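What follows is a single structure, written as structure tokens, with notes after it.
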Amino acid sequence: MLDGSRREFADPVTGAELAAAIGPGLAKAAVAVKIDGRPRDLATLIDHDAAVAIITRDMPEGVEILRHDAAHVMAEAVKELYPETQVTFGPATETGFYYDFARATPFTPDDLERIEERMRDIVRRDEPINREVWDRDKAVAFFDRIGERYKAEYIGEIPPEQEISLYRQGNFVDLCVGPHLPSTGRLGQAFKLMNVAGAYWRGDPNKAQLQRVYGTAWPNQKELDQYLFRLEEAERRDHRRLGRELDLFHLQEEAVGSIFWHPKGWKLFRIIEDYMRRRLDAAGYQEVKGPQLLDRSLWETTGHWENFRENMFIAESRDEKILALKPMNCPGHVLIFRNRLRSYRELPLRLAEFGSCHRNEPSGALHGIMRVRAFTQDDAHIFCTADQVTLEAIAFCELLLSIYRDFGFADVAIKFADRPPHRTGSDEVWDRAEHDLKAAVEAAGLSYTVNPGEGAFYGPKLEFVLRDALGRDWQCGTLQLDFNMPERLGATYVGEDGGRHVPVMLHRAILGSFERFIGILIEHYAGNLPLWLAPVQAVVASITEEASPYAEEVARELTAAGLRAIADPGNEKISYKVREHSLAKVPLILAVGRREAEQRTISLRRLGSPAQEALALGEAIARLKVEAVPPGCA
RNA sequence: GCUGCCGUAGCUCAGUGGUAGAGCACCCCCUUGGUAAGGGGGAGGUCGUAAGUUCAAUCCUUACCGGCAGCACCA
């Protein structure tokens, strides 16, 4: 058993009987049973000595089974309401489930309501769910006969050694490996249909487009409510909304996929850029700036023309040369590297650029400032010898984690992405690159998971994923090992032996794209940026007009001390000003009235707290100046 | 790019086959108020764009543009 104990039975028992033998509470919470590590239906007969664990509805595996059942119940409801619809796949997801349906007319929101209502009926009916093992040909014939072409097609692709299992609940029969709940009633009512969208059959844009209905499902109502609340919270934090409300940026159709940065948004951008520049300088990088437009021939050499032609912006010069707006910075950096003869003594050479790139992303991919067509990378390329890769990778990981911490992200996961199907370079080169990169991250003492086939076309990569305040994951940083491009572009250095060698190139970014990272920061902090990042750190608000000259003076002194401060001398009540600047998420409000002006003090109020603190002007400035210093900049 | 939905004032949204409305924001005036909305007045819209149907289109139809959700994509 899970707790290490043993239980003996004279005759084989089912998972359900076992759970009941242990206790009625467990029997009720049980959704499936794990036999020798394999999840099975509760009705499965345990006929040998086995390692058995009861899966309950509150365990992650149990929730997954619930969600999978919810998908089946939805399919049953759809088949009852719209018998002409064909079913395809319906798996569990991170927060719920979906099912892809094939039908001529799309579902409407009204249809969703009807389907959800019918699902609730099916749960109330408490239909038994039974597993049946079928002969392969009979199963194909069966699904063909009932008009489920997708199911019939899919059976043909199931490996021959695998059993063909069908699950029956009420009049609904679905091809499925399971496991499933014993009956539909066990699902409970803590689910909700969310939306409809298109999805391709087998994820292939060349195949039929299906109607995907998304739902969410949880072990109980409380968790469902919490989830729905989290969705609302995410909406409140949406960077597109906050970007407008805080007057940071806007987007409009004359520049689809590009950002109009307003003064406050651009200030934030520059604060981050200045911070990154300090960190990179300190870490031994040298900043460069490459050209925006580069000749087509260069992109042909790098392989981008072949691989990403559709996604590049093309321009023509007056002498009819074809140029492309750079979609990435690395070729420029290689050209800087190979502009003159390099010695091994110069390695590792770390060239950094706040590189402005353009990629003609498909219109459906665009999303606020997170996915745009014009963006800025905190990009750098490290040219080094094969022997230096490990130390460089370790140093990079440390720099990255330290920078993430400064921005308030402590929870970082690492993924190792190996060779993709479509790639350049020989298998020998890939073997070595993958081996070296893995060795480096292991040497750095970091753990990682593997992301198969997700590497760049020129080399494997490490992906750094940070988790935000809402528990969402964002892949930002990357470290890519490239044995290919330096060779393609003819970069060499003179080694200790006097011979020419091709350097290894590490592509690396920490924030990824400034635009996207700023979007993440806004959502992570719900717009309440920490003092060092806030575009406006302090507002000095006068309480009466008499005190306005003093408010202006205080703002000037704060500015002189290096703080981003403005005065609000306007003709409004102090409560109005407090509200206005609080909504604008200004971290510090310094209120000054007649009393403060006479005594040369201020009344300090911090965002998120109604508390007030009376301070002498000099002391306030001294303290706030220290507080506002960016991290790593003492 | 694909599927579906959406597009009315700066924002959030009403509304109608007979040339448009609210609240907030904005501007002006009154008010000088001690920590999350003081009062009054004013200005503001080619109803996404273009065709079509109609005596008449913001409203109906079509196409295009843009947005949203998901899919696909993400060097």
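Lettering follows sequence order; numbering is per chain, from 1. Not measured: the values here are computed from a predicted model.
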Tell me which nucleotide among [options] gets nearest to the side chain of [X].
| X | options | value |
| --- | --- | --- |
| K573(A) | G38(B), G34(B), A75(B) | G38(B) |
| P362(A) | C73(B), G34(B), A69(B) | C73(B) |
| P205(A) | G34(B), C74(B), A72(B) | A72(B) |
| A199(A) | C73(B), C71(B), G34(B) | C71(B) |
| T544(A) | G33(B), U35(B), G70(B) | G33(B) |
| R371(A) | A69(B), A36(B), C74(B) | C74(B) |
| A365(A) | A75(B), C73(B), G38(B) | C73(B) |

Just the rounded figure in Å: distance from [atom2] of [N] to [atom1] of [X].
| X | N | atom1 | atom2 | answer |
| --- | --- | --- | --- | --- |
| E235(A) | A69(B) | CD | C1' | 12 Å |
| R359(A) | C74(B) | CZ | P | 11 Å |
| Q252(A) | G10(B) | CD | P | 12 Å |
| M194(A) | C5(B) | CE | C1' | 16 Å |
| L246(A) | C11(B) | CG | C1' | 14 Å |
| R605(A) | U35(B) | CZ | C1' | 5 Å |
| M328(A) | C74(B) | CE | P | 13 Å |
| I589(A) | G34(B) | CD1 | P | 17 Å |

Between the side chains of [X] and [Y], is a donor N or O closer than 3.5 angstrom to an acceptor N or O?
| X | Y | result |
| --- | --- | --- |
| S297(A) | D295(A) | yes |
| D111(A) | Y82(A) | yes |
| T424(A) | R488(A) | yes |

So what does [X] hit on the nucleic acid, given a heavy-atom distance under 4.0 Å: a base, only sugar-phosphate, or nothing?
| X | answer |
| --- | --- |
| D204(A) | nothing |
| E546(A) | nothing |
| Q480(A) | sugar-phosphate |
| E454(A) | nothing |
| Y458(A) | sugar-phosphate |
| P106(A) | sugar-phosphate |
| G303(A) | nothing |
| N307(A) | nothing |

Please report the distance separating the [atom1] of [N] from the corresponding atom of [M], rounded so that it comes out in whole Å.
| N | M | atom1 | result |
| --- | --- | --- | --- |
| A20(B) | G39(B) | C1' | 29 Å |
| U58(B) | U8(B) | C1' | 7 Å |
| C68(B) | A22(B) | C1' | 25 Å |
| A25(B) | C64(B) | P | 41 Å |
| A51(B) | U19(B) | P | 22 Å |
| G17(B) | U61(B) | C1' | 14 Å |
| A57(B) | U46(B) | C1' | 13 Å |
| C24(B) | U62(B) | P | 39 Å |

Comparing E253(A) and P610(A) on RNA chain B - which has the more 5′ nearest nucleotide
P610(A)
Nearest-nucleotide 5' precedence on RNA chain B, V256(A) against E580(A)
E580(A)
Watson-Crick or G-U counterpart of [N], or none if no pair lies under 3.5 Å:
| N | value |
| --- | --- |
| G7(B) | C65(B) |
| A14(B) | none |
| C71(B) | G1(B) |
| G33(B) | none |
| A56(B) | none |

For [X] and [Y], I'd like to know if the aromatic rings sit close, meaning centre-to-centre distance below 6.0 Å.
| X | Y | value |
| --- | --- | --- |
| F354(A) | F514(A) | yes |
| W430(A) | F483(A) | no |
| H304(A) | Y458(A) | no |
| H381(A) | F337(A) | no |

Whether [X] contacts [N] is assessed here as follows: a side-chain N or O lying under 4.0 Å from the phosphate OP1 or OP2. Is that the case?
| X | N | answer |
| --- | --- | --- |
| R244(A) | U12(B) | yes |
| R309(A) | A75(B) | no |
| H367(A) | A69(B) | yes |
| Y576(A) | A25(B) | yes |
| R240(A) | C68(B) | yes |
| Y214(A) | C71(B) | yes |
| K461(A) | A75(B) | yes |
| S575(A) | A36(B) | no |

Return yes if the base of [N] and the side-chain atoms of [X] contain a donor-acceptor N/O pair under 3.5 Å, otherwise no.
| X | N | value |
| --- | --- | --- |
| Y200(A) | G1(B) | yes |
| S603(A) | U35(B) | yes |
| E596(A) | G34(B) | yes |

Salt-bridge contact E148(A)-K79(A) (side-chain N to carboxylate O under 4.0 Å)
yes
Considering only NZ, NE, NH1 and NH2 on the basic side and carboxylate oxygens on the acidic side, decide whether R472(A) and E523(A) come within less than 4.0 Å.
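A salt bridge is present here (some side-chain N lies under 4.0 Å from a carboxylate O).
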I need the S363(A) OG to R373(A) CZ distance, nearest 0.5 Å.
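Rounded to the nearest 0.5 Å, the OG-CZ separation comes to 6.5 Å.
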Face-to-face stacking of F308(A) with A75(B), centres under 5.5 angstrom, angle under 30°:
yes
